[in-house]
Amino acid sequence: MPTWQLRLLRGRPGGSPRLEIYRVELPAEAYLIDAVEKIWAEQDRSLLFRHACHHASCGACGVRVNGRERLMCITPLREFSPDRPIQVEPLRHFPWLGDLLVDVSPMMRRMAEVGFAIVRQDELTADRPLPEGIERITRFEDCIECGLCLSACPVMAADEAYLGPATLAAIERMLKEPRGGDTARLLTLADDPHGAWRCHSAMECTAVCPSNVDPASAIGRLRRRLIAERFRRWIGGGR
Amino acid sequence: MKEAPRWKRASGWVDLRGRREGGLAFLLMRLTGIGLVIYLFIHLYVLRLLAQGPEAWDAFIAMAKSPLFLALDGLLILGILYHALNGVRVTLLGLGIGVPHQARLFWGVMALTLLVTAIAAYAIFTIAG
């Protein structure tokens, strides 16, 4: 069984963060979350990290692996070589609580403000015929609120008031199917210097999203909607 | 719980670790943008020589024909071209157009920028050098 080297960022707010090497024996079929849990269980119980479902449903175990935003539960160890340390750091652009743990409550508050809820009406599968005139089914409720997109977005680094890719994608989704929601309030929320217009199209949100939400495209569609709404107002239609 | 200081958060946009083409394009866009603003002020400062008579201006023009200045002209063209071409790319992407092709568009912008800069640099050194 190979021995994997993990270089974890350790520390607490107010102290000096440092990178520490840990070695764990695990089969190549294991995942990064298994390695971090084993370190916690066998070597250091003070290690702070988040985890829950172990199958990319809860979005709790987001970290940066060799600089890139990933969910530990779907990052297989076989992607790496046992000869080189796998560097694991907390997500960027969130308040740091210690080790690999960040406070995701700012993102959750923004999502709550939008009123975003994960609702799956019907799971259409490949073996069921598509309705006439429909070429493909797109699921829209895929966001697992993991925060990887916020960590990857360079604009988040420069503007702490920026709503962020997840929230803007949620607004766009809610506008598509408001279910009685207040669309005018959502449009006002998005039509703000810290809203849809702050995005600089770095596209990193879409690149790191583990659920194919594609926030970058959603923000583009949201902007088109906002432009249409503004045009409508100019010609006297109101919102 | 302690937030990172503002300067540290603001410097995050230059951190390219783990970033792909989109992040690199964003960084280059900002750097060329800052460079072009600085150039604008230098340009306006230099133009004031016109008010000091033909001697002052001619002396500057003689200096501007030095290889170093010509190379800086090439750098300026590189910055302008990248900023303008990537600006078109960002405008399209910002409206949700061509998002799946954003990386290819970036490399297209880079290729066109380098090609036109090379042609312009050749022309600059041939004509003025």
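So you know, we letter chains A, B, ... as the sequences are listed, proteins then strands, and number each from 1.
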For each of A:Arg12, A:Arg64, A:Arg223, tally heavy-atom pairs with chain B at distances under 4.5 Å, and name the one with the top tally. A:Arg223
Of the listed residues (B:Arg17, B:Arg89, B:Arg19), which shares the most heavy-atom pairs with chain A below a 4.5 Å separation? B:Arg19
Residue among B:Pro100, B:Gly96, B:Gly94, B:Gly23 with most heavy-atom pairs under 4.5 Å to chain A: B:Gly94
Residues A:Glu69 and A:Arg92 bridged, charged N to O under 4.0 Å: yes
Between A:Arg225 and A:Glu229, is there a salt bridge with N-O shorter than 4.0 Å? yes
Taking only residues two or more places apart in sequence, or in another chain, which ones meet A:Arg198 in a side chain to side chain contact (heavy atoms under 4.5 Å, CB included)? A:Val155, A:Asp159, A:Tyr162, A:His194, A:His200
Side chains of A:Asp103 and A:Trp96: is there a donor and an acceptor less than 3.5 Å apart? no
Tell me, side chain or backbone of A:Ile227 under 4.5 Å from chain B's heavy atoms, or both, or neither? side chain
